[in-house]
Amino acid sequence: MKKLVIFDLDGTLLNTIKDLGVATNYALEKNGYPTHELEKYPFFVGNGVSNLIKRALPEGHKDDETIARLREDFKEYYDVHNTDFSSVYDGIRELIAELKERNLVLAVASNKYEEATTKLVTHYFPNNEFNMICGQLDNFPIKPDPSIVFKIISNVGDITKNKVLYIGDSGVDMETARRAGVESVGVSWGFRPIEELQSTGACHIVNSPNEILHYI
């Protein structure tokens, strides 16, 4: 039986894509750049806000200074509006409740910057369901680097890798789990297609949260 379950945030626990897209479009428009249809944003997200901004910017404008400026404008908007449209995926609350009933340790590992990650998790899961919440920090590698997984494991007690299950919606997540040497579950309800999960080595793929219980 597993002892620790690590969840990605965006596209796994929460559908955040509209808030992310609106905030990015706000930063783009404020700086005179063309915006994007919200349908394009699932393929822009997954590697942190800086990479989201970089992908949204037109060619020839992806320099570090421009990305940094738009990142600040993004955060200015997103920090206020990050719960305008976001929601918990159907079945997730029931899954979390069942995992807590089984006394599993739960954690969140996200490439979203730490302040927003903590705000969103505590807003949508206000009963301290998660033992550890980790977002992106300056000078700390982002996924698919496995450091965030190792950080969680080292901070939640004496748990070996074979007792860890990592759950996410993207190739970045599956690669993170592979590099960390832990079992992975790819979810089909997130931002990326099943083919991406398969091609990046998902150990299992599920179509609903309750199916995750089979791999606990």
Side-chain angles (χ1 to χ4, degrees), residues 2-17 20 41-55 89 92 95-96 99 104-118 120-121 125 129-157 159-207 209 211-216:
K2 301 300 183 186
K3 293 184 177 180
L4 167 63
V5 182
I6 302 174
F7 290 90
D8 171 55
L9 181 60
D10 301 270
T12 302
L13 294 173
L14 302 179
N15 185 349
T16 56
I17 201 66
L20 289 167
Y41 277 98
F43 292 94
F44 289 171
V45 300
N47 296 89
V49 173
S50 293
N51 283 306
L52 166 59
I53 298 297
K54 183 176 182 179
R55 291 165 181 161
Y89 284 107
I92 287 293
L95 171 65
I96 298 300
L99 296 178
L104 271 73
V105 177
L106 305 183
V108 173
S110 178
N111 275 342
K112 188 192 297 290
Y113 58 98
E114 178 100 336
E115 301 94 323
T117 298
T118 301
L120 285 170
V121 174
F125 303 96
E129 290 92 336
F130 292 93
N131 301 76
M132 193 168 181
I133 302 167
C134 292
Q136 185 265 324
L137 294 169
D138 291 341
N139 301 315
F140 193 86
I142 63 172
K143 300 184 293 183
D145 186 288
S147 296
I148 194 169
V149 174
F150 299 147
K151 177 182 178 181
I152 291 169
I153 292 173
S154 67
N155 278 274
V156 296
I159 296 176
T160 56
K161 289 183 181 181
N162 66 320
K163 297 295 184 180
V164 178
L165 192 66
Y166 183 101
I167 301 167
D169 73 304
S170 71
V172 169
D173 293 307
M174 300 306 99
E175 179 67 11
T176 301
R178 186 191 69 78
R179 294 187 188 186
V182 301
E183 190 173 350
S184 62
V185 174
V187 305
S188 65
W189 57 80
F191 301 158
R192 299 297 178 89
I194 290 177
E195 292 77 14
E196 179 175 312
L197 300 172
Q198 293 171 330
S199 67
T200 49
C203 299
H204 315 284
I205 296 176
V206 298
N207 297 310
E211 292 179 49
I212 292 170
L213 296 172
H214 298 311
Y215 305 109
I216 298 299

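A quick note: this is a predicted structure, and the numbers were derived from the prediction, not measured.
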With sequence neighbours left out, the residues meeting ring pair (Phe, Tyr, Trp, His ring centres under 6.0 Å) with F125 are F130

So the salt bridge (charged side-chain N to carboxylate O under 4.0 Å, His left out) pairs with at least one residue in residues 191-207 (sequence neighbours excluded) are R192-E196

Would you mind reporting whether K151 and F140 have side-chain heavy atoms less than 4.5 Å apart? yes

**OP:** Using a 4.5 Å cut-off on heavy atoms from C-beta on, say whether the side chain of N155 contacts that of F150.
**Re:** no

- Are I216 and L104 close enough that some pair of their side-chain heavy atoms sits under 4.5 Å apart? yes

Side chain proximity check, I194 to I205, heavy atoms < 4.5 angstrom
yes

Residues passing the side chain to side chain donor-acceptor pair (under 3.5 Å) test with E211, sequence neighbours excluded, are S208

| query | So, K2 and E183, do they make that salt bridge, N to O below 4.0 Å? | reply | yes

For K3, the salt bridge (Lys or Arg N to Asp or Glu O under 4.0 Å) test, sequence neighbours excluded, returns none

* **Heavy-atom side-chain proximity of F7 to I96 below 4.5 angstrom** => yes

Across all chains, not counting sequence neighbours, the ring pair (Phe, Tyr, Trp, His ring centres under 6.0 Å) partners of Y215 are H204

Could you tabulate the donor-acceptor pairs under 3.5 Å formed by side-chain atoms of residues 171-182, not counting sequence neighbours?
from	atom 1	to	atom 2	distance (Å)
D173	OD1	K143	NZ	2.9
D173	OD1	Y166	OH	2.7
D173	OD2	D169	N	3.2
D173	OD2	S170	N	3.4
D173	OD2	S170	OG	3.0
E175	OE1	R178	NE	3.1
E175	OE2	R178	NH2	2.6
E175	OE2	R179	NE	2.9
T176	OG1	V172	O	2.7

Practice task
Report yes if the side chains of V5 and I167 come closer than 4.5 Å at any heavy-atom pair, otherwise no.
Solution key: yes

Taking C-beta and beyond as the side chain, do F191 and D10 meet within less than 4.5 Å on heavy atoms? yes

